[in-house]
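Report on the following structure.
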Amino acid sequence: MPRLVPIDKARNIGIAAHIDAGKTTTTERILYYTGTSHKMGEVDQGSTVMDWMEQEQERGITITSAATTCFWKDHRINVIDTPGHVDFTVEVERSFRVLDGAIAVFCAVGGVEPQSETVWRQADRYGVPRIAFINKMDRIGADMDRCVEQMRVMLKTEPVVLQVPIGHEDSFVGVVDLISMSALLYDDVDLGVDFKETDIPESLRKMAEDKRIELLESIADVDESIMESYIDGKPISSDHLVQAIRNATLSLKRIPVLCGAAFKNKGVQPLLDAVIRYLPGPADVLPVDGVDPKGKKELRMADDSAPFSALAFKLMTDPYVGHLTFLRIYSGQLKSGAAVLNATKGTREKIGRLLKMHADEREEVGEVYAGDIVAAIGLRNTTTGDTLCEPNSPILLESMTTPKPVMSVAIEPKTKEAQAKLGTGLAKIAMEDPSFRVTSDEETGQTLISGMGELHLEIIVDRLLREFKVDATIGRPKVAYRETVSNKSEGEGRFVRQSGGRGQYGHVKLKVEPGERGLGVVVENKIVGGVIPKEYIRSVERGVREAAANGILGGYAMVDLKVTIFDGSYHEVDSSERAFHIAGSMGFKSAAEKAGPLFLEPFMALDVASPEGFIGDVVSDLNGRRAKIQGIDNRNGLRMVNALVPLAEMFGYATDLRSMTQGRATYTMQFSGYEPVPRSIAKDIKEKGA
């Protein structure tokens, strides 16, 4: 089956922003104007196409990234609508890993908000070209110039304005296009489907000409042909300027900025034009790189004739067709029924059916090509981040970064029947969500589920109760503490057993000291002279890591420490891997207990936006939660409090903050790092962990 759309007319884009900036509303308008959807869904009515989960419709937020396909001016656009809430940041992370470009949506009133910065950094990490859409220009307090300046200062980027608004706040009626130097006016009668292109109103002409000069000067700084024409006073055609802006966007040197009001159906069609004008197609981005079975670097071009390669970036359980694996095809072609290699796991897989997804609706296709985003049925052993490729041309692509969970709750089924359902439900959710973990506490027998925050765990529990009909009791969230050491110390592990026949002998000396933050447990071998044979060193290391995983103080995993194996002895007959494994564990415990062990607790970067009148109560409450206030700024008439605060003190904070500010303050929180626990609190943690 031939390719329906040439690769140069394909776009894979994501829509990302701070929560409540209007991502899903913008996506709904895109689907309506491209003819994909025949009715505009509204977030506040729970009727959107992209927010199809019951939990999303009830809460009015996006929880899972939803993929869809639409067509605009002979181009096919694959769109992924991503969540704005920090608890679901893994959805943004894995979307940016496979997308070629993105629309960053900003609220014209709120400007660059905390989660805006988070998603921007994620896009920077993967080098994703972006265009910015300043939404909600019809709202009271909307200020496009302020938003653009915040982008420049807070995001350290170079925005280039392509449109300016016509009208202000509730009188916003359209935009001035600085490329064509014309006015686009929208009529509310037909839901914004038709708009009128006219001359720029005389009252705005001088301002538009000044903004056009700023646009030309900004692009001239990064494009020699525009620079030459501008200096020589030659006219610059729209096509010439569009190509120069495209080049600057693809090279990440400039961010085109457009404006509109998606909810009022204004400015979305020019945004679609900007997507196909300025954002890259699969063939415009750098070839994807990976390694072959010998470890040699290899590149794959976005070419249908190249060997097949793809990355599995999302798994989902569909109630109608079962297990779905979302794939980004980087090179080659893939047919339904084909046999492929999972290069990550070294296993063979067979593709069942291939589906083009439209949120939770499906369209079956027989074959897909380089640059496509599809869902596959029938993959049994493939998980998030795995590489699929041609069996005869294996390649392993770079996987994805998955954030570690920072909060846990205990979940206990009430009956044996519920126990079986719980196991099934947890397995399916863990398969879909790589930031979700399930562990079992060996001492208490409790099942612990861990996630990125209260909302994340609340949604998971709601799914267990509703989708999988699990009758269970939920316990108080448990913080993921860690342990480390504060000093250097040496320890000795000697394991000797003699009970007739061959005995057991393992003897090791090692040193424990604080290590670099974030590196976990580093084990270094400094054995010389063969006092411990090489074949036993790995057993010693396993014993050390096993002991470190169980901690010294309260049973929490130890991190940020360095262990050096420097001496020991062995017996030619009685020594064994098991003996040195036990000796390594004993030696580590001996050294760690003398090295000033202490607890570490997760600290969160907290941003609170509060009206001026409540700021005293907010700061006082945070001080009571052991917060470290980093700064208090003014932004858009609100006071912004930036703080680092222990996660253990933040349970129930959303309710408390609403109570003390009459529901007018908001906050966002994300993991920052681990910090030592004060002695007064460490005693309680030790008693609870023991």
Side-chain angles (χ1 to χ4, degrees), residues 15 17 21-35 40 42 70 72-73 103-111 131-149 151 159-216 218 238-239 241-242 245 255-279:
I15 300 186
K23 299 178 302 302
T24 301
T25 300
T26 301
T27 309
E28 291 295 317
R29 283 3 181 216
I30 288 174
L31 298 182
Y32 181 76
Y33 295 132
T34 57
M40 288 188 188
E42 304 297 352
C70 59
W72 183 254
K73 296 184 177 177
I103 300 172
V105 181
F106 297 91
C107 172
V109 181
I131 58 178
F133 180 61
I134 298 180
N135 192 24
K136 303 189 179 183
M137 289 300 302
D138 59 320
R139 292 268 300 274
I140 295 174
D143 189 333
M144 181 173 177
D145 291 339
R146 184 182 64 224
C147 284
V148 172
E149 184 58 26
M151 289 176 62
V160 54
V161 175
L162 306 187
Q163 296 176 344
V164 291
I166 299 175
H168 185 61
E169 296 177 347
D170 59 354
S171 62
F172 174 71
V173 294
V175 298
V176 172
D177 184 341
L178 300 178
I179 304 292
S180 63
M181 289 301 284
S182 61
L184 307 179
L185 300 176
Y186 288 84
D187 190 342
D188 292 332
V189 174
D190 59 359
L191 297 177
V193 173
D194 294 319
F195 56 89
K196 184 168 57 176
E197 186 171 356
T198 66
D199 293 335
I200 299 172
E202 200 58 41
S203 60
L204 295 176
R205 179 161 292 279
K206 176 66 169 63
M207 183 268 290
E209 289 172 350
D210 292 342
K211 291 289 186 181
R212 165 87 173 188
I213 291 172
E214 290 179 15
L215 164 61
L216 293 175
S218 179
S238 294
D239 290 344
L241 183 56
V242 165
I245 296 171
I255 304 293
V257 181
L258 298 91
C259 64
F263 185 68
K264 294 294 180 65
N265 315 312
K266 296 178 174 67
V268 178
Q269 294 96 328
L271 178 63
L272 282 164
D273 290 339
V275 166
I276 61 178
R277 281 178 173 178
Y278 308 123
L279 291 182

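Position 1 is the first residue of the sequence; numbering continues from there.
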So, do [X] and [Y] sit near enough that their side-chain heavy atoms are less than 4.5 Å apart?
X      : Y      : result
Thr26  : Ile103 : no
Tyr278 : Leu162 : yes
Leu215 : Val160 : yes
Leu271 : Ile131 : yes
Val164 : Leu204 : no
Val161 : Met144 : yes
Phe263 : Arg139 : no
Leu184 : Pro270 : yes

Among Pro159, Pro165, Cys147, which residue meets the side-chain contact (heavy atoms from CB on, under 4.5 Å) test with Ile134? Cys147
Would you mind telling me which of Leu258, Val176, Ile179, Val257 makes a side-chain contact (heavy atoms from CB on, under 4.5 Å) with Gln163? Leu258
Donor-acceptor contact present, side-chain Ser171 to main-chain Gly167, <3.5 Å: no
Identify the two heavy atoms, one from [X] and one from [Y], that lie closest to each other, and give their separation to 0.1 Å.
X      : Y      : value
Ile166 : Ala183 : CD1-CB, 3.7 Å
Met137 : Ala108 : SD-CB, 3.6 Å
Asp138 : Phe172 : CA-CB, 4.2 Å
Ala262 : Asn135 : N-OD1, 2.8 Å
Arg146 : Gly141 : NH2-O, 3.3 Å
Arg29  : Val268 : CB-CG2, 3.7 Å

Rounded to the nearest 0.5 Å, what's the gap from CD1 on Ile213 to CG on Leu178? Could you check? 11.0 Å
Measure the CD1-OG distance between Ile200 and Ser180 for me, rounded to the nearest 0.5 Å. 7.5 Å
Not counting sequence neighbours, which residues clear side chain to side chain contact (heavy atoms under 4.5 Å, CB included) with Asp273? List them please. Trp72, Lys73
